[in-house]
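Numbering of residues begins at 1 and proceeds along the displayed sequence.
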Amino acid sequence: MASAAEKKLTGLVAATFTPFTPQGEINLPVIGDYIDYLRETQGVCNVFVNGTTGESMSLSVEERKKLAEEWCKRGHGKLEQVIVHVGSMSVKESKELARHAAEIGVDGIAVISPSFFKPKTAGALRTFLQEVASAAPNLPFYFYHLPAFTGVNIPARDVLEGIEQLIPSFRGVKFSGNDLMDFGLCASYSQPSWSLLYGVDEQLLSALVIGANGAVGSTYNYVGCHIKNLMSAFENGDLVQAKAIQFKLQELLKYAVQVGFDVGVNKQLMSEISGLTLGPPRLPVEPCSSAHAQSIKQKLISIFA
């Protein structure tokens, strides 16, 4: 990939699904077509690999390495930035994944808080992040804030306090929380070289008003073309159009949640919309029927028609 140290991550970033075979093994050959779909159909040229949408905590270290390698190899010359999540319950595994990411030339790494033995303070979490970042000191580093999944309810703003002195490669935060006050405090503290990436798709417009430079989300895999229009409308001062698109996404997700929506359903929905064969999720996430995903797809078509 190109040198990411010189470019700021902005715009839409698709949080990618991990393709599996029917037998539950990673299915690397799908990734080339996946990249083409994101670029050509959705107009999305940045990806966030091995995150929550990618079921990273259900993957082995070796699987995560192979996936990162394939996204980098297939994305060369096609994708603008490949950001790889290297967080783990084990600091040793996280450092191993960070070193590997540097070796294969990714554009940046992100790390989520451990969620079994949880850090009790912002300082403890910063120390964990610093230790992982030290394994790849020249890679842009992002903190991945996802309190609903980790159960670590330390404000992201507290974690950012002085982080640039501890991690010189720090380049921003993937903020996947609903607390817009905390996000605003992060924005007011943010340095010019940082990227504020918002991760709650249904609240993106609010985050843009506060100061988000970009967004990372699973829905951008299949409605990215529409959300790019939302961001363009906002940048051009057309709040009426931006709100109209945001309301459509909210209507879609409200319906999806009502009928049942998790990583497995989302993955099957992506398969139905894109035509890619992404396979089932990995246990304990249960597979989703085609009919279930098709009902959400039809709702999407009716809303965004």
Side-chain angles (χ1 to χ4, degrees), residues 7-16 37-48 53 79-81 83 142 145-146 148 156-157 172-190 192 194-259 261 265-266 269-270 272-274 293-305:
K7 56 186 178 179
K8 186 170 180 174
L9 180 57
T10 59
L12 286 189
V13 185
T16 59
Y37 173 81
L38 288 175
R39 290 180 69 250
E40 297 167 11
T41 303
Q42 298 300 332
V44 176
C45 295
N46 299 301
V47 294
F48 187 87
T53 301
L79 295 174
E80 293 176 6
Q81 293 207 39
I83 308 300
Y142 301 87
H145 179 65
L146 184 60
R157 171 62 181 83
V173 57
K174 177 185 183 294
F175 191 104
S176 295
N178 291 309
D179 187 344
L180 287 171
M181 177 176 171
D182 187 23
F183 183 71
L185 291 169
C186 291
S188 66
Y189 183 76
S190 180
W194 294 5
S195 295
L196 291 174
L197 308 167
Y198 196 64
V200 182
D201 305 10
E202 60 270 31
Q203 294 185 173
L204 173 58
L205 181 56
S206 298
L208 290 173
V209 171
I210 292 173
N213 322 101
V216 183
S218 61
T219 68
Y220 309 144
N221 283 282
Y222 48 82
V223 295
C225 57
H226 300 292
I227 306 307
K228 285 188 71 176
N229 291 336
L230 183 160
M231 296 185 78
S232 294
F234 173 77
E235 290 167 4
N236 293 328
D238 188 350
L239 289 180
V240 172
Q241 175 67 2
K243 285 194 295 183
I245 299 170
Q246 182 72 92
F247 293 159
K248 287 181 179 181
L249 182 59
Q250 290 176 344
E251 184 181 351
L252 172 66
L253 292 177
K254 180 178 183 291
Y255 174 81
V257 170
Q258 285 175 336
V259 299
F261 196 60
V265 177
N266 206 4
L269 178 61
M270 173 61 174
E272 301 290 340
I273 293 172
S274 67
Q294 275 289 337
S295 73
I296 302 174
K297 177 184 175 180
Q298 293 307 313
K299 184 70 171 179
L300 185 156
I301 292 171
S302 69
I303 291 172
F304 285 99

Scanning both residues in full, the closest heavy-atom pair of Lys7 with Glu80 reads NZ-O, 2.8 Å
One should read off an interatomic distance between Cys45 SG and Glu40 CD, to the nearest 0.5 angstrom, of 9.5 Å
Inter- and intrachain pairs under side-chain hydrogen bond (donor to acceptor under 3.5 Å, both in side chains), touching residues 229-242, at least two apart = none
When you measure from the side chain of Gln42 to the backbone N and O of Tyr220, does any donor-acceptor pair fall under 3.5 Å?
-> no
Under 3.5 Å, side chain of Lys228 to main-chain N/O of Gly43, donor-acceptor pair present?
-> yes
Residues which pass side-chain contact (heavy atoms from CB on, under 4.5 Å) with Asn266, listed by chain and number, not counting sequence neighbours = Phe17, Ser218, Tyr222, Phe261, Leu269
Is a side-chain donor or acceptor of Lys8 paired with a backbone partner of Trp194 at a separation under 3.5 angstrom?
-> yes
Would you check if Leu204 and Leu249 make a side-chain contact, meaning some heavy-atom pair closer than 4.5 Å?
-> no
Say whether, by atom type as modelled, one donor and one acceptor occur between the side chain of Asn213 and the main chain of Leu9 under 3.5 angstrom.
-> no
So how far is it from Met231 CE to Gln246 CD, rounded to the nearest 0.5 Å?
-> 11.0 Å
Set of residues satisfying ring pair (Phe, Tyr, Trp, His ring centres under 6.0 Å) with respect to Phe304, sequence neighbours excluded | His226
Heavy-atom nearest pair, Ala156 first then Cys186, reads CB-SG, 3.7 Å
Using the side-chain contact (heavy atoms from CB on, under 4.5 Å) rule, take Leu230 and Leu208 through it: C-alpha gap first, then chi angles, then the decisive distance, then the call.
-> CA-CA 10 Å; Leu230 183 160; Leu208 290 173; 3.8 Å; yes
What's the shortest heavy-atom distance between Leu38 and Val47, and which atoms?
-> CD1-CG1, 3.7 Å
Would a 4.5 Å heavy-atom cut-off, applied to side chains only, mark Gln203 and Phe183 as touching?
-> no
With under 30° as parallel and over 60° as perpendicular, where do the rings of His145 and Phe175 fit, or are they tilted in between?
-> tilted
Give a yes or no on whether the backbone of Gly177 and the side-chain of Tyr198 come within a donor-acceptor separation of less than 3.5 Å.
-> yes
Residues which pass side-chain contact (heavy atoms from CB on, under 4.5 Å) with Val209, listed by chain and number, not counting sequence neighbours | Phe234
Can you name the residues that form a side-chain contact (heavy atoms from CB on, under 4.5 Å) with Lys243, not counting sequence neighbours?
-> Leu205, Phe247
Minimum-distance pair of heavy atoms, taken over all atoms of Gly224 and Leu12 = O-CD1, 3.4 Å
How long is the span from the CG atom in Leu196 to the OG1 atom in Thr10, to the nearest 0.5 Å?
-> 12.0 Å
By side-chain contact (heavy atoms from CB on, under 4.5 Å), Gln294 pairs with (sequence neighbours left out) Glu272, Ser290, Lys297, Gln298
Could you grab the distance from atom CG of Asn221 to atom OG1 of Thr41, nearest 0.5 Å is fine?
-> 12.0 Å
Which distance, rounded to the nearest 0.5 Å, do you find between the OG1 of Thr16 and the CG of Asn46?
-> 12.0 Å
Supply the atom-to-atom distance Leu180 CG to Ile210 CD1, rounded to the nearest 0.5 angstrom.
-> 4.5 Å
